[in-house]
Amino acid sequence: MSMTLSTSTWVPAPMRRRLIAGVAAGFLGMGVALGSGLMAPVSAAESTTITGVVLGVGANETQRIVTWYSSADTAQKIQLAPTAEIVNGEFPASAVSFEAVGGANTSTTGFNRHATISNLRENTAYSYRVGAEGNWSPAYAFKTQDFEGDYNFLFFGDPQIGSSGDVAKDQAGWAETLKVATTANPDTELLVSAGDHVESANNEAQWDAYLSPEQLRQYPTAATIGNHDVGGKAWEQHHFTPNTDRSAQYYTGDQATRSGGDYWYIYKDVLFIDLNSNSYVNPTDGSAGGDAAHVAYVTDVVKKHGSEAKWKVLVYHHSIYSAASHATDADNKIRRKDFTTAFSELGIDMVLQGHDHVYTRSYSIKNGQKENPAEKPGAADVFPGPGGVIYVTANSASGSKYYDIKKPDNTGTGVEGLGPDPLNPNNYWFNSVQNQEHVRSYVKVQVKADKLVLQNIRSGTCAAPNAAVEKGLSCTNTAEGQPVGSIVDNTTIHPYHADGQAIQVNVPNPAPGEFGWTIDGYNGLVDLGTAQERNGTYFQANGKINPILVSDSRRSLAPWSISANVGDFQDADKKFSGSYLGWNPYVLDGGAGAEAGAAVLSSYDDQGKGLSVSSGLAAAVQGHPRGGAKLGADLDLKIPDSIAKGNYRTTLTITALSS
């Protein structure tokens, strides 16, 4: 009788054809945020109202800090999962939790909480919620980008919700700017604030309006303290920041009733340092405090972490090179003396500021002076030398208040001088660009390997929402010529390379590689021919499987195995067990660490199960070399002579497994 065997390359659904390496068993490690002198919550899960959820920056791109208000002093946490694993709004059992800490609010009733999300993966969409079992907030979402390479962040000047006298109008302008900015830049990675989030530090209605835009739960915010924020604890309760020094010298006034502190973080190639510029007066007794303390803080951070980033960016509220009402303030003249030489010596690249509700971009400033007298006003390309710093002032992001540009005076071009620019006498000597149209705007900074690209972009026109203009302030913008999204200022800042030639190479993440298998050549029928009778007691037939090619280019060098089994041999309604088929595997061409599996006898010889159960063709252990192999096996079929005559077939099912 004639017997045949056919093979197939079917693989069970989880392992079809090609297997991608590096699949992790779990996506996040556990984390816990530890408070700094704040009360830990009690442990009962009571009915609680959650408000004011805001997504903040963490110490680096793998972290986020979430802060919120709670109506009850209960144990709460963040729950996080990849958005792809959320089914019908339900978080999976594998969701990771981060326990929250906090304390009682001082500006209103209720409590505040914060927790740090850690171990985020790049290029991943996440969903999160805060609260406790049975009492969760709505779910919010954010997406991480590549943790290396170019990116952009957005910088927003004083929203100062409530300063127009109409909270709703101010809120509308702020929300519209965030909508315009993130719609135009959906992959932006940070929202950086210049401070003055609200008009009155402890007015929670104003805070509610400031925190209302959904973008503040979708993009990480790097908050800055303004002079309107500092007079209470609400700013700290709404914004818990990473790496923060809350020592007394970084506060102005009573730490128990005011917000303060200096903090830093690294995001990709930028070291950001954020200062509480409200504290500026240097103590007369020579003790640490004021601007001297800030300079010492910046110096320490740059010394310890400056080498970890390509760019150094400072952020604080009080602009020292603005052009409007605050340009002549005595405290800003003090800051110029205290800050500028230190910032030049520390290699600061850019300083982002607010406070004056006007847009300005300085010339390259070194040690408090224009570095290059020949630098042209409004230059599209700037080449700061060693110690050259660009100072930027952001205009109002909400339209709640604008300050008009003042004329230069006759005090000259010294560190404290407010004289005219010899190249553009209408501007102050230190400013390359000054702009005030009484329209909302924001600043976009593109961080590239070899440059920073700075743009000031209109997020509104004279039309509503623009509270200050709606209440009677003039407006010089024309929507036809200067529409939403049009650019006020655009410049590229090139780094200083001295006399040498900087050489750079971008090394991407290595490809994880793949593990896969296929049939070598045409996958034809494996014909065992006509079985031969042996000793008058059984029939025997022999053959070879079609060779199998294995390839493994994975960097993980994870173990792999190829196995196979057969079902019953059948011919119409006649059949016999696949256990009668045995094999002897071997490696035809070595590579990828392939080791042949053990021989399997026909059940006719050992009363076992033969190839009716999965048996190993070949395998490789952890740490094997990358490469390829060709696998084969001799087939041995022995069946009792009682089997009915027929042309029988079965299917060899091949399964590949890999970590």
Side-chain angles (χ1 to χ4, degrees), residues 31-58 63-81 91 95-118 120 126-142 159 161 171 174-175 178 191 193 197-198 201-223 225 229 232-242 244 259 261 263:
V32 59
L34 301 178
S36 297
L38 298 177
M39 294 164 41
V42 299
S43 61
E46 305 169 3
S47 178
T48 304
T49 300
I50 303 294
T51 58
V53 177
V54 59
L55 183 69
V57 294
Q63 293 186 356
R64 301 288 187 271
I65 298 176
V66 183
T67 312
W68 65 94
Y69 271 13
S70 167
S71 63
D73 191 19
T74 60
Q76 296 172 30
K77 59 188 175 183
I78 301 171
Q79 194 172 56
L80 179 86
F91 278 64
V96 177
S97 295
F98 302 88
E99 299 300 324
V101 295
N105 291 330
T106 59
S107 59
T108 185
T109 58
F111 305 86
N112 57 83
R113 295 286 184 265
H114 67 268
T116 300
I117 298 171
S118 59
L120 293 169
Y126 288 102
S127 292
Y128 69 99
R129 58 187 181 180
V130 304
E133 295 298 334
N135 205 22
W136 293 110
S137 72
Y140 307 105
F142 66 90
I161 304 298
Q171 175 183 340
W174 170 231
L178 285 177
L191 309 181
S193 129
H197 297 174
V198 295
N202 289 325
N203 187 317
E204 288 296 337
Q206 294 173 5
W207 277 107
D208 288 345
Y210 171 78
L211 295 171
S212 63
E214 284 303 303
Q215 289 83 358
L216 298 182
R217 284 159 286 286
Q218 299 166 345
Y219 298 88
T221 293
I225 302 173
D229 307 316
K233 298 299 282 185
W235 188 96
E236 285 186 4
Q237 291 163 184
H238 283 297
H239 301 292
F240 194 85
T241 52
T244 305
S259 292
Y263 73 97

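Values in this document were obtained by computation on a predicted structure and should not be read as measured data.
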Side-chain heavy atoms of Leu191 within contact of Leu178, under 4.5 Å: yes

For Val54 against His238, the heavy-atom pair lying closest together: CG1-O, 3.1 Å

Point-to-point distance, once rounded to the nearest 0.5 Å, from CD of Glu133 to NZ of Lys77: 5.0 Å

Within-4.5 Å side-chain heavy-atom neighbours: Lys233 and Asn112: no

Residue list, salt bridge (Lys or Arg N to Asp or Glu O under 4.0 Å) with Arg217, at least two apart or on another chain: Glu214

Short side-chain to backbone donor-acceptor contact, Asp229 and His197, under 3.5 Å: yes

Heavy-atom check, side chain of Leu55 versus side chain of Thr221, under 4.5 Å: no

Smallest separation among heavy atoms of Ser71 and Ser47, with atom names: OG-O, 4.5 Å

Asn105 versus Thr109, closest heavy-atom pair with distance: ND2-O, 3.3 Å

Ser259 side-chain N/O to Gly232 backbone N/O, donor-acceptor pair under 3.5 Å: yes

Closest non-hydrogen atom pair between Ala100 and Ala115, with its separation: CA-CB, 3.9 Å

Interatomic spacing from OG1 in Thr106 to CG in Asn202 - rounded to 0.5 Å: 6.0 Å

Pairwise side-chain contact, Pro242 with Ile65, heavy-atom cut-off 4.5 Å (strictly under): yes

Which atom of Phe91 lies closest to which atom of Ser127, heavy atoms considered: CE2-O, 3.6 Å

Separation of Asn135 CG from Thr48 OG1 (nearest 0.5 Å): 4.5 Å

side-chain contact (heavy atoms from CB on, under 4.5 Å) between Leu120 and Arg64, worked out: CA-CA 9 Å; Leu120 293 169; Arg64 301 288 187 271; 3.7 Å; yes

4.5 Å side-chain heavy-atom contact, Ile78 and Trp68: yes

Tyr210 and His239 aromatic ring geometry - parallel, tilted or perpendicular at 30°/60° bounds: perpendicular

Main-chain N/O of Tyr263 paired to Thr244 side chain as donor or acceptor, under 3.5 Å: no

Residue pair Tyr69 / Glu204, side-chain heavy-atom distance below 4.5 Å: yes

Minimum heavy-atom distance Arg113-Gly103, with the two atoms named: NH1-N, 3.6 Å

Gln76/Trp136 under side-chain contact (heavy atoms from CB on, under 4.5 Å): CA gap, chis, key distance, verdict: CA-CA 9 Å; Gln76 296 172 30; Trp136 293 110; over 6 Å; no

Non-neighbouring partners of Tyr140 that pass ring-ring contact (aromatic ring centres under 6.0 Å, His included), sequence neighbours left out: Tyr128

Inter-residue atom distance Arg129.CZ - Ser137.OG, 0.5 Å rounding: 8.0 Å

Set of residues satisfying ring-ring contact (aromatic ring centres under 6.0 Å, His included) with respect to Tyr219, sequence neighbours excluded: none

Check: Ala205 main-chain N/O paired with Asn203 side-chain donor or acceptor under 3.5 Å: yes

Heavy-atom side-chain proximity of Phe98 to Ser118 below 4.5 angstrom: yes

Donor-acceptor contact present, side-chain Trp207 to main-chain Ala201, <3.5 Å: yes

pair His114-Val101: side-chain heavy atoms closer than 4.5 Å: yes

